[in-house]
Chemist: 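Dumping the structure here so I can ask a few things about it.
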Amino acid sequence: MKIAYLLDCYDVLLRQVKSNVTVPNKVILNELVKKEDDSYRIYKITIIKREGTETIKISKPKHSFHPEVQRLELKTLFHFNEFEEYIPRLKNLIDFTGETILFAKNKQSQNTFYVYEKCTISELNPKERFFLYCNQVLMEENQNIKLAIKEKVFKLKSTIKIEHYIHKNQLAMETQMNNLIKQINPETNDELYQFSDEYNKIDCLKTIYSNLEKLLLFIEQGYNDYLNVNIMVPHRTVLMNEYEIKPKLDFVRDSLLAKVVNSDLLKILFEPIILLSTINIQNKITYYQFNYAKEYVLELSQLLNENSNEVNDSDIAEWLLDLNMNSIKFFDYKTNVIQKELEQCESDAEQLELLYKKLKKFNQHRSKIIKAFNHKLPDSKVQICNWLEEEINFINIKRNIGYQQMNTNKTVEQTNKILIGLSVAQISYFVNILMKTGIIKHSNQRDIFRMIADNFKTNGTDTISIDSLSSKFYNVETSTKNTIKEKIIELLNLTK
């Protein structure tokens, strides 16, 4: 199966709904009549028992093709004895057509059940028919799109090509969903999934949104390793995870507020929690943020369970390091604490000893969470280690340890630096790739940057800044990636 543009059917239907184009009745009937055997009017029956009295509440009927209707196990009137006593009363309240009546149980409530009666498509009014047509067409189209995605991914042997294909379709779906939300303009999350009894334009847009969201969930669940983590999480994903997250989230929030914690630390602790707590239609978060915050809450709830007694600020700071909280606020807090300890030292030698001990401790630290809070910044451990190295370097220079030798070597090396045909940004990104692929095994980035600065020059500068290499290591422009990609392809061609 080959589909040039996966969302073509969605675009056509959306244009029809927005412009109030009348779809021929014959087209609608041809689509719905195919499944007329499953066409029912459904009544939700609720039995209300109060103070010895019993009342029957009957909802407005919904058609079995309605997007809110779930598949239920049906039993006929003659083989469903559980609610047999209510059948005569129901016949007085509902004008049944005379067709065989079917019943379905509600597994969540013993006092609720459903009554199904046969309904021909021709009985439906035109607005309801078009609304159900929208839903049925998209449900069928989703099956075709899913099959097309599976076939395409199967043929793509390269991980990079699969990733590009998934990213492209993710972006198309997210763009379409954002466009729909603007047109629907719901005030709350729940309103996005609530349909009126009028089967109007907004209802049709909602069913388009609902089916599109289900398609995005299919990609999310089937191709999780290839997802673009910078795309916004659909609200349905949040709802699906709510059962697992909410109790933990409430426990963490209540536990933290009950403890005596430094106010700055408390604000840092709450950053990922606020991300989860404030998700709504207007305030979305990316897959990366959502996955990190979810893992953060689960790990933090476990730490709070294990440490139910009082904890001090040092313990909390250690937890934040364990949870890879790499925000600027945490970096500032942690370095300020170390700075105060340095101020208590009486000599440079004592300060160096303290800094080396700290450096050893942070280098050996292993976080509980691999992801970092902010994926655009290095891990908290790396940030602090770089800061410690800078402090050590500054004190050594201040004490004139090897200062003259450094100057002499620098003068000699400047005349013998190797010219490299890459810019500083390109060198930094190339080193990034070499480290990720394990070609460069050395784990201390600062050492690598220092070696490059001491031994290489570019067409643009004879003096490469270590700080410039470091900043461009984490903030890579698309043009830089493309240039390096071309160089790598050139190298591959040379190996043939």
Side-chain angles (χ1 to χ4, degrees), residues 163 166-193 209-210 212-254 256 266-302 319-320 322-331 367-380 474-475:
E163 195 173 82
I166 295 298
H167 285 198
K168 180 180 71 174
N169 287 304
Q170 258 188 288
L171 181 60
M173 291 173 197
E174 188 201 27
T175 303
Q176 190 76 281
M177 286 166 66
N178 288 338
N179 180 34
L180 283 163
I181 287 173
K182 286 179 183 177
Q183 294 177 63
I184 297 167
N185 194 25
E187 292 184 4
T188 64
N189 294 337
D190 293 338
E191 191 183 323
L192 193 56
Y193 304 99
Y209 177 89
S210 177
L212 193 57
E213 193 175 51
K214 287 174 185 174
L215 198 55
L216 189 55
L217 286 178
F218 163 77
I219 288 182
E220 176 188 314
Q221 293 164 0
Y223 304 97
N224 188 60
D225 293 340
Y226 305 102
L227 287 180
N228 180 351
V229 294
N230 296 316
I231 278 182
M232 299 299 169
V233 176
H235 184 60
R236 199 177 292 269
T237 298
V238 179
L239 292 176
M240 290 167 63
N241 285 271
E242 192 172 22
Y243 180 78
E244 178 190 12
I245 298 172
K246 195 174 186 310
K248 304 280 187 186
L249 192 62
D250 293 341
F251 167 73
V252 166
R253 188 191 297 110
D254 294 343
L256 289 176
L266 197 60
K267 288 176 185 176
I268 297 166
L269 274 165
F270 263 91
E271 281 189 76
I273 296 169
I274 290 169
L275 274 180
L276 282 180
S277 302
T278 56
I279 300 174
N280 54 46
I281 293 297
Q282 288 75 32
N283 189 29
K284 291 186 174 183
I285 63 173
T286 64
Y287 277 102
Y288 185 93
Q289 291 172 316
F290 181 71
N291 290 333
Y292 172 83
K294 186 171 71 169
E295 194 173 354
Y296 175 91
V297 167
L298 295 177
E299 290 288 348
L300 188 54
S301 68
Q302 187 174 337
W319 291 2
L320 287 166
D322 285 340
L323 301 173
N324 213 349
M325 169 50 77
N326 66 335
S327 69
I328 298 297
K329 289 179 182 177
F330 179 58
F331 170 78
S367 298
K368 291 179 181 284
I369 299 179
I370 296 174
K371 292 185 184 72
F373 173 66
N374 186 339
H375 72 285
K376 293 183 179 179
L377 295 173
D379 290 355
S380 51
Y474 298 105
N475 299 294

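As the structure is a computational prediction, the values presented were derived from the model and not from experiment.
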Chemist: Does the side chain of Lys284 reach to within under 4.5 Å of the side chain of Asn178, using non-hydrogen atoms?
Modeler: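 With C-beta onward as the side chain, the pair touches.
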Chemist: Is there a side-chain contact (heavy atoms from CB on, under 4.5 Å) between Phe270 and Arg253 once you walk through the steps?
Modeler: CA-CA 8 Å; Phe270 263 91; Arg253 188 191 297 110; 3.7 Å; yes
Chemist: Can you name the residues that form a side chain to side chain contact (heavy atoms under 4.5 Å, CB included) with Gln289, not counting sequence neighbours?
Modeler: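 With sequence neighbours excluded, Gln289 shows a side chain to side chain contact (heavy atoms under 4.5 Å, CB included) to Leu275, Ile285, Thr286, given in chain and number order.
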Chemist: Please report the interatomic distance CD1(Ile231) to CD(Gln170), rounded to the nearest 0.5 Å.
Modeler: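 Reported to 0.5 Å precision, the distance equals 4.0 Å.
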Chemist: Determine the minimum heavy-atom distance between Tyr209 and Ile184, stating which atoms define it.
Modeler: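 Answer, listing the atom of Tyr209 first, then Ile184: CB-CD1, 4.3 Å.
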Chemist: Are any side-chain N or O atoms of Asn324 and backbone N or O atoms of Ser367, one a donor and one an acceptor, separated by less than 3.5 Å?
Modeler: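 Flag not set: sc Asn324 to bb Ser367 has no pair under 3.5 Å.
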Chemist: Taking salt bridge (charged side-chain N to carboxylate O under 4.0 Å, His left out) as the definition, give me every residue that meets it alongside Asp190, ordered by chain and number, with sequence neighbours left out.
Modeler: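 Partners of Asp190 by the salt bridge (charged side-chain N to carboxylate O under 4.0 Å, His left out) criterion come out as none, since no residue qualifies.
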Chemist: Rounded to the nearest 0.5 Å, what separates atom CG in Leu300 from atom CD1 in Ile369?
Modeler: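 If we round to the nearest 0.5 Å, Leu300:CG and Ile369:CD1 are 9.0 Å apart.
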Chemist: For Pro272 and Ala293, which heavy atoms make the closest approach, and how far apart are they?
Modeler: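 Closest approach of Pro272 to Ala293, heavy atoms only: O-CB, 3.7 Å.
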Chemist: Residues in side chain to side chain donor-acceptor pair (under 3.5 Å) with Gln302, at least two apart?
Modeler: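 Checked Gln302 against side chain to side chain donor-acceptor pair (under 3.5 Å); matches are Glu306.
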Chemist: Can you name the residues that form a salt bridge (charged side-chain N to carboxylate O under 4.0 Å, His left out) with Lys246, not counting sequence neighbours?
Modeler: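 Per chain and number, Lys246 pairs via salt bridge (charged side-chain N to carboxylate O under 4.0 Å, His left out) with Asp250.
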Chemist: Rounded to the nearest 0.5 Å, how far does OG of Ser301 lie from CG of Leu249?
Modeler: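 It comes to 10.0 Å.
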Chemist: Using the ring-ring contact (aromatic ring centres under 6.0 Å, His included) criterion, which residues pair with His375? Sequence neighbours excluded.
Modeler: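 For His375 the ring-ring contact (aromatic ring centres under 6.0 Å, His included) partners, ignoring immediate neighbours, are Tyr288.
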Chemist: Under the side chain to side chain donor-acceptor pair (under 3.5 Å) rule, collect the residues that match up with Gln183, sequence neighbours excluded.
Modeler: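 Listed in chain order: Asn179.
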Chemist: Enumerate the residue pairs fulfilling salt bridge (charged side-chain N to carboxylate O under 4.0 Å, His left out) with a member in residues 286-301, sequence neighbours excluded, ordered by first and then second residue.
Modeler: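 Qualifying pairs, neighbours excluded: none.
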Chemist: So, taking the atom named CD1 in Ile181 and the one named CD in Gln176, what distance separates them when rounded to the nearest 0.5 Å?
Modeler: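 Going from the CD1 atom of Ile181 to the CD atom of Gln176 covers 11.5 Å.
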Chemist: Take Met232 and Met177 through the test side-chain contact (heavy atoms from CB on, under 4.5 Å) and record every step on the way to the result.
Modeler: CA-CA 10 Å; Met232 299 299 169; Met177 286 166 66; over 6 Å; no
Chemist: Residues two or more places apart in sequence or in another chain: which of them pass side chain to side chain contact (heavy atoms under 4.5 Å, CB included) with Leu377?
Modeler: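 If we apply the side chain to side chain contact (heavy atoms under 4.5 Å, CB included) test to Leu377, skipping adjacent residues, the hits are Asn326, Ile328, Asn374, Gln383.
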Chemist: Shortest non-hydrogen contact from Ser380 to Met325?
Modeler: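 Ser380 and Met325 have their closest heavy atoms at CB-O, 3.6 Å.
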Chemist: For Lys248, I'd like to know if atom NZ has over 12 heavy atoms of other residues, nucleotides or ligands within 6.0 Å.
Modeler: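 No, the 6.0 Å shell around NZ holds no more than 12 heavy atoms from other groups.
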Chemist: Which residues pass the salt bridge (charged side-chain N to carboxylate O under 4.0 Å, His left out) test with Glu213, not counting sequence neighbours?
Modeler: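 Checked Glu213 against salt bridge (charged side-chain N to carboxylate O under 4.0 Å, His left out); matches are Arg236.
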Chemist: Which pairs of donor and acceptor atoms, one on a side chain in residues 215-229, lie under 3.5 Å apart (sequence neighbours left out)?
Modeler:
residue, atom, partner, partner atom, Å
Glu220, OE1, Thr237, OG1, 2.7
Glu220, OE1, Tyr287, OH, 2.9
Glu220, OE2, Thr237, OG1, 3.3
Asn228, OD1, Asn230, N, 3.0

Chemist: Considering residues at least two apart in sequence or located in another chain, which fulfil the ring-ring contact (aromatic ring centres under 6.0 Å, His included) criterion with Phe330?
Modeler: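 Residues passing ring-ring contact (aromatic ring centres under 6.0 Å, His included) with Phe330: none at all.
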Chemist: If you round to the nearest 0.5 Å, how far is CG of Asp379 from NZ of Lys371?
Modeler: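 The NZ atom of Lys371 sits 12.5 Å away from the CG atom of Asp379.
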Chemist: In Å and rounded to the nearest 0.5 Å, what is the CG to CE distance from Leu171 to Met173?
Modeler: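 Those atoms lie 10.5 Å apart.
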Chemist: Among Tyr296, Tyr292, Phe331, which one satisfies ring-ring contact (aromatic ring centres under 6.0 Å, His included) with Phe373?
Modeler: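 Among the candidates, only Tyr292 passes.
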